[in-house]
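All values below were derived from every heavy atom in this structure, side-chain atoms included, with hydrogens, water molecules and symmetry-related copies excluded. Lettering follows sequence order; numbering is per chain, from 1.
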Amino acid sequence: MENNISKNFIEQEIEKDLQEKKYDEIVTRFPPEPNGYLHIGHAKSIIYNYSIAKKYGGHFNLRLDDTNPLKEKNEYVNSIIEDVNWLGVDYGKKVLYASNYFDKMFDYAILLINKGLAYVCDLSIDEVKKYRGDYNNVGTDSPYRNRTIEENLKLFYEMKDGKYKDGEKTLRAKIDMKSPNLNMRDPVIYRIAHLKHHNTGDKWCIYPMYDFAHPLEDAIEGISHSLCTLEFEDHRPFYEWVVNNCEFKKPPRQIEFAKLYLTNVITGKRYIKQLVDKGIVDGWDDPRLVTIAALRRRGYTKEAIKNFIELSGISKANSSSDYELLEYCIREDLKLKTKRMMAILDPIKLVIENYPKDKTEVLELPYNVENLELGTHKFTFSNELYIERDDFSIDPPNKYYRLFIGNEVRLMGAYYVKATRYETDNNGNVTTVYATYDENTKQDGRQVDRKVKGTIHFVDAKTAHQAKFKIFNNLVDEEKGKLNEDGTVNYNKNSLVIKNGFIEKELSLSKANDKFQFMRNGYFNVDYKESTNDLLVFNRIVDLKSSFKL
RNA sequence: UGGGCCAUAGCCAAGCGGUAAGGCACAGGACUUUGACUCCUGCAUUCGAUGGUUCGAAUCCAUCUGGCCCAGCCA
C-alpha cells in the first residue's frame, strides 16, 4: 500500500533549502555543451532537472553551454534542441545560450579585478602547469600575481581588444596556490582564442572558462539548484567562490549526482564520437548506439526512456544500470500500445496439401488481444504460407511444442495443421514443409474438440510483401563498455543481423516510425532512413522476454 | 604519496538509533489463439571489514579495506 515513492537525496536537500527559505523558486537547468549528440546519460540529467523543477512548482531552463568555440558546432546545437524537444520536457519559451551572457561575464571579471581578486598572467601554458604544482607539491605564486588593479584592468581590456595572440595572456582568479584542491590554485578564468563563435561570430577573442562561466550562467538565470555529475565535486569550492565574490544575493547551489552507465554498452560522448568518426557505426543515430537520436530511430519511446531513468534511481554511488531494465521499460510501454501483426523474418514454406489450391480465405484477428480498442486486422490464408524456420524442427528437442513431422499445431487465427513431410536444399536446410489441415478447427471462436500445445504465426505466400528486418545486438565491450586504450573497440561483430522476410499485406502501408509487435519476434519500428515504398526496413526495438531458447 | 566522493542481494535503490521498502533479473506454479502478457509464490538472520558506544546499530564513533574523480588556457 506504500504509494509514497521515497524522496531521493537531491529532493531532500531541496526541501531543506525550502524550509530555510533560501530560495523563492526552484529553478533547474540542463546545460549541455554543443560538442556532440545527447545520449541516454544526458536524458538522466534532463529528466531529473525537469521533474524536480516541476515537482516544486518552479521552472527548468535549456541552456547551451557554448563557451569554447573550438569544439562547438551548429549541427550539435540543432540535434540537442531536437532531442530535448522529443523528450517532451518544458523549458519555457526559448533556448538559452551561455554566449549571450558574455558581456555580463566580462563585467564580472572586471568586478573581480577591481576587488583585487583577479589578475592578468603572462605565464605560458607549460609554465602555468609548473607553477601549479601537483598532488604532493604546493604551487608557487605567479610572478604576475601582484600587478596593480590599474595594470590588470588595462591588460585585460587589451586582451579583449585583440592586442595579444592566443596563449599569450590569461586572466586568473587570485585564490591560494597552496590549496590542496588544485582547482583553487589560481584557476584561469579567461583565455585568448581568436576563433569565430557559432553565436557571437567575431565579437570576442577572449572566452571565459567553464569554472568561471558556469556559476555565472546559473546565477544570472536565477537557478536555485545546479545539478551536475560527480566529477565536478572538486569544482564546487570555486563555484561558490565565484557566486559569492560576484555578490549574488541568493546564489545557486551545486549538487552532484552519479552518471548513468549501462552495463556492457558504450556510453560517453567521447567514445561514441570515436565510433562515428572511425565509421564503425554509420552516424550518431545508428540504432546500435544509445544516443537519444539512435534510440528514437531504433523505436524507443520517450515514455520508456523516462521510466527507465526513474526506475534506475539517482544517488552518489557509481553504478551501472542493467540493460535488461531498459528493455523491460520499452516492452512495458509498447505492450498495450502496439498492433500485433504477422511477419516472418526467416521464412520457409508451408504447403497445405489438402487445402484447395485456388482458394483464398480472409481471416480476422484483433490487433492486440489485450487492447481491443485498437481494432482488428484482416489477412489472407491459402494453401501456400510462410512460417518461421524456427517453428519447424526436423529433430525436435524435448519439450518442443511447435511443428515437427506428425505434430499438430495451431496457425494463429486459422486452423490446426499437422506436418507430414519436408524438403531440403543441397545443404540440408529445410525449404518446404508439407502439412494437412483440419477444416473443423477454424480459429474463429468456436469450440474445437482438442487442444494443441503450440501456436505459430504465418503469412500468406500469395499476398505477402517483402521486407528487411534489422536485428541489433548491442555494440558492447563485455568487459568495460568502453573503448580500449588504443582507441579500438571490442564491439560485437554480429551487432547487426539483417533478415529478408515477409510481412502481411496490410503492413505494406506502414510509415516511418510505425511500431509493431511481430508476434514472437518482438517489437519493431519502421526505419525512417532506409524504408522506401518498395521495401520496408524494420529495426528491432527489443526482443520479447522468452523462456525458451533455440 | 595530497584532496574530494562512494560502499545495503546478480543490477539499481529505500532506509537517517527500534530490529532490512520497492523495481529489474532469476526460480517454481497457474492461465493462455504469442513458450509473450497476466496472476500467485520464492529470493539479504544481514548492510565492505574489524572494534567500540547503546537495552537496542545498516544507521553514532574509531580504525582498516576496496572503488571512482582531480595536476586542460576542455566541459
### Task
For A/Lys545, enumerate each residue passing the side-chain contact (heavy atoms from CB on, under 4.5 Å) test, keeping only those at least two apart in sequence or located in another chain.
A/Arg331
### Contacts of type side-chain contact (heavy atoms from CB on, under 4.5 Å), residue A/Glu361, not counting sequence neighbours
A/Tyr355, A/Lys359, A/Leu363, A/Phe381, A/Tyr415, A/Lys442
### Message
Does A/Asn68 reach a base, just sugar-phosphate, or nothing at all? Heavy atoms under 4.0 Å.
### Response
sugar-phosphate
### Task
Identify whether any heavy atom of A/Ser315 sits under 4.0 Å from a base atom; if not, whether one sits that close to sugar-phosphate; answer base, sugar-phosphate or nothing.
sugar-phosphate
In a table with atom names and distances, give each donor-acceptor pair under 3.5 Å that connects a side chain of residues 135-143 of chain A to protein atoms at least two apart or in another chain.
unit_1, atom_1, unit_2, atom_2, d
A/Asn137, ND2, A/Asp134, OD1, 3.1
A/Asn137, ND2, A/Asp134, OD2, 3.4
A/Ser142, OG, A/Tyr144, N, 3.1

### Query
Is there any salt bridge (charged side-chain N to carboxylate O under 4.0 Å, His left out) pair reaching into residues 185-200 of chain A, and which pairs are they, with sequence neighbours excluded?
A/Arg145-A/Asp186, A/Lys196-A/Asp202
## Note on the structure
Between A/Lys339 and A/Leu374 the two heavy atoms that sit nearest each other are N-CD2, 4.4 Å
### Message
In whole Å, I'd like the distance from the CG atom of A/Asp211 to the P atom of B/C74.
### Response
11 Å
### Query
Hey, is the side chain of A/Asn181 pairing donor to acceptor with the base of B/G3 inside 3.5 Å?
no
### Query
Looking only at N and O atoms, is any donor in the side chain of A/Lys71 or the base of B/C74 less than 3.5 Å from an acceptor on the other one?
yes
### Query
Would you call the rings of A/Tyr367 and A/His377 parallel, tilted or perpendicular, where under 30° means parallel and over 60° means perpendicular?
parallel
### Query
Could you write nucleotides 28-36 of chain B as a row of B, S and -, 5' to 3', where a protein heavy atom under 4.0 Å of any base atom gives B, of only sugar-phosphate atoms gives S, and otherwise -?
-----BBBB
### Message
Let me check I have this right: for RNA chain B, each base becomes ., (, ), [, ] or |, based on Watson-Crick or G-U pairs with both distances under 3.5 Å. What is the full string?
### Response
.(((((((.[[[..)..(...]]].(((((.......))))).....[[[[[..)....]]]]])))))).....
